Amino acid sequence: MSQPGETRYTQEHEWMRMDSAGVGVVGITHFAQEQLGDIVFIELPEVGRVVNQGEDVAVIESVKAAADCKAPASGTVLEVNPLLKDQPGKVNEDPRGQGWFFKLKLAEPAQFAALMDEAAYEASIAK
Amino acid sequence: MSLRHTPLHELHLELGARMVEFAGYAMPVQYPPGIIREHLHTRSRASLFDVSHMGQVRVCGPGAASALERLVPGDIVALAPGRQRYTFLTGEAGGVLDDLMVANTGPELLLVVNASRKQADLAHLRAALEPALRVEVIEERALLALQGPEAAAVMRRVCAGAAALPFMSNVAASLDGVACFISRSGYTGEDGFEISVPAADAVRVAGRLLGEPGVAPAGLGARDSLRLEAGLCLYGHELDASTSPIEAGLAWTIPRVRRAGGERAGGFPGAPRILRELRDGPVRRLVGLRPEGRAPIREGEDLYDAQGEAAGRVTSGGFGPTLDSPVALAYVAGALAGAGGSLHAVVRGKPRPCAIVSLPFVAHRYFKRA
């Protein structure tokens, strides 16, 4: 079973931290924000939206390009980060903290444990 | 195929640049501060750009100016020594084969052409000008751009001989003991200089400039957002072989002497179309767009009028850090092209209104003598 506070990763460079029972906080990794460069706008999902694992759920616009953020697991969007509307650059400054994207109520909590742990993710981006 | 390196490659790596492929070269897209900070630094102080990927081409021999005039719609014959002009190689269809700077250095003409068009330009120039003239690529020189409101103050400290140059003028001058060829020009909308320097001395000259107060390195990312805010065309985006300079809003580059009724009217490839568009107006025009909201509208997006009819297409779209908002350049049907109008794009299924505005987005601050 996953522990509260544990963070896991996707191959698409999202992180998800288990906040409390069955609720994950989702953002993008330091590696992802570095690749994207200065982020100028983030289109976040509507609260209440039901998403499937791997579905495009947010759009990240950087100075250079647009990228999608995918749902690391299936579930329902409970909350989005209000800070990002006016300060999308928080994702560059603090991708694992103030730059979180949304909270997700997991439909299938087992999907979390199947994601990469930190060591596996670090190894995947070191390639 | 391995990427070519500019003479400053190692310096870019030392400075922590992120390198990308551009026109066959490994080039710095940004340094650790990132595109927005590099952009704003250029607008407030001064930035050093490596633009050594651009082609530096020498054309020399008797009658070089009048021969080159047969390939471009600019006035080259009257281009005085020490002066330079922005013009185009045009194609028979009246489109732009490349946009370029032509400098009269005295003994020769020095052309600065786009990296992506270097080989095509050379073939075109050689076919038209040789053997009467010599057309040579200058491979052994780097090209640096020092841009921003503090560029002149920096130049006064490192090379007084170039600091007083009028805009679009050039001079051979010694910078830190290195024989450079310096012009007052650039691609950011700011005052600034382009410095052609022997490859072997490029690191030293770049280091000297970066050591000056107020100067920081900036990459191609900032160069692109700066030129976009300045409303300057980028080859392959706003300009190509099917697009005329008149459509691109560049009629100002064609002097009276090359227009209908002028002493040396026409006589360049594609003149019938270009002179006709000068007279009648083009079918489509380049306009500036200010999209609503903060998300950029990118190159290739189609534009629609209020009735939902196709009205044009975005050629460059990004974020303007000076304006803290998205900006775009687009070709739209001539009748719709007036500032004050509005069009919309459809991005991810949603309409995105865009106001048509006059260019540039950010006023040019080129050097004007008091």
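Chain naming here is simple, since letters A, B, ... match the order of the sequence lines and numbering starts at 1 in each. Small disclaimer: the values here were computed from a predicted structure and weren't measured.
- Proximity to chain B (any heavy atom under 4.5 Å) is shown, for A:E34, by both the backbone and the side chain.
- Ring geometry for A:Y9 versus A:Y121: interplanar angle under 30°, hence parallel rather than tilted (30 to 60°).
- Of all the heavy atoms in A:M16 and A:P72, the pair that sits closest is CE-CB, 4.1 Å.
- Most heavy-atom pairs under 4.5 Å with chain B: of the set A:V63, A:I42, A:V40, A:V59, this distinction falls to A:V40.
- Among the candidates B:R37, B:R348, B:Q30, the residue making the largest number of heavy-atom pairs closer than 4.5 Å to chain A is B:R348.
- If you tally non-hydrogen atom pairs under 4.5 Å between each of B:G318, B:P296, B:P326 and chain A, the highest count goes to B:P296.
- For chain A, the nearby part of B:R298 is the side chain; its heavy atoms alone come within less than 4.5 Å.
- The aromatic rings of B:H12 and B:Y31 are tilted relative to each other, their planes meeting at an angle between 30° and 60°.
- Partner of B:H39 under the side-chain hydrogen bond (donor to acceptor under 3.5 Å, both in side chains) criterion, out of B:S44, B:S47, B:S225: B:S225 alone.
- Here A:A65 is the residue among A:S62, A:G37, A:A65 with the most heavy-atom pairs under 4.5 Å with chain B.
- Salt-bridge check for B:D324 with B:R294: passed, with a basic side-chain N closer than 4.0 Å to an acidic carboxylate O.
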